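To start, the structure itself, in structure tokens.
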Amino acid sequence: GGDSDSAAVLISNGTLAVLHCAISNAVGSGVRVRRGADGSVVGCRVNACGGTGLDVEQDVSAVLRYNDILRSRGAGVCITERANPLVEGNLIARGSTSGVLVKV
């Protein structure tokens with residue numbers, strides 16, 4: 001479900017820290033970190049997204065810490081090949097598919 005290229009928060013270049021935010025009912029992903037960007041998502045509640053809760057594309061080193069990722073139609077967290085995120089202390093629950101999906 002959801003547009004595969006859409007996200008409530010899209011980090012497409014540069015660096016962005018998303019701290020203690022509530023992200024709900026996104027059409028696509030809650031947060032997507034694109035190739036060539038750097039992102040941290042810490043202490044957020046990502047709820048009822050139409051796609052993946054947190055999406056980390058290839059060649060990205062993102063930090064995903066202490067988030068509640070709930071009721072995503074896609075995976076709670078999707079990690080694409082050659083991505084190197086730190087995924088720590090997240091609650092991932094009630095999604096429609098995988099909790100954490102690693103694509104290689």
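A quick note: this is a predicted structure, and the numbers were derived from the prediction, not measured.
- With a 4.5 Å cut-off on side-chain heavy atoms, Leu16 and Val9 count as touching.
- Between Ala26 and Ser29, the shortest heavy-atom distance links the atoms CB-O, 3.5 Å.
- In this structure, the separation between CG on Asn47 and CG on Leu70 is 5.5 Å, given to the nearest 0.5 Å.
- Under the 4.5 Å side-chain heavy-atom criterion for Ile, Leu, Val, Met, Phe, Trp and Tyr, Val31 and Tyr66 are members of distinct hydrophobic clusters.
- We find the CG-OG1 distance between Asn13 and Thr15 to be 9.0 Å, quoted to the nearest 0.5 Å.
- Between Cys49 and Gly28, the closest heavy-atom pair is CB-O, 3.5 Å.
- Residues Leu86 and Arg65 come closest through the heavy atom pair CD2-NH2, 3.2 Å.
- At least one side-chain heavy atom of Ile79 sits less than 4.5 Å from a side-chain heavy atom of Val87.
- Following chains of ILVMFWY side-chain contacts shorter than 4.5 Å, one can reach Val46 starting from Val100, so the two form part of one hydrophobic cluster.
- Atoms CZ and OG, on Arg32 and Ser6 in that order, are 7.0 Å from each other to the nearest 0.5 Å.
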Practice problem: Could you walk me through whether Val77 and Asn90 pass side-chain contact (heavy atoms from CB on, under 4.5 Å), step by step? | Solution: CA-CA 10 Å; Val77 175; Asn90 297 288; 5.7 Å; no
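- Residues satisfying the side-chain hydrogen bond (donor to acceptor under 3.5 Å, both in side chains) test with Arg35, not counting sequence neighbours, are Asp59.
- Distance alone, capped at 3.5 Å, places no donor-acceptor pair between the Asn67 side chain and the Arg45 backbone.
- Summarising the geometry of Ile92 relative to Gly76, their closest heavy-atom pair is CG2-CA, 3.9 Å, with the distance given to 0.1 Å.
- A donor-acceptor contact shorter than 3.5 Å is absent between the side chain of Ser72 and the backbone of Thr52.
- Between Cys44 and His20 the shortest heavy-atom distance is SG-N, 3.7 Å.
- One finds the CD1 atom of Ile11 at 8.0 Å from the OG atom of Ser40 (value rounded to the nearest 0.5 Å).
- Grouping the Ile, Leu, Val, Met, Phe, Trp and Tyr side chains by contacts below 4.5 angstrom, directly or via other members, places Val41 with Val102.
- In this structure, the separation between CD on Glu88 and CG on Leu64 is 10.5 Å, given to the nearest 0.5 Å.
- Smallest separation of non-hydrogen atoms from Glu57 and Arg34: OE1-CA, 3.5 Å.
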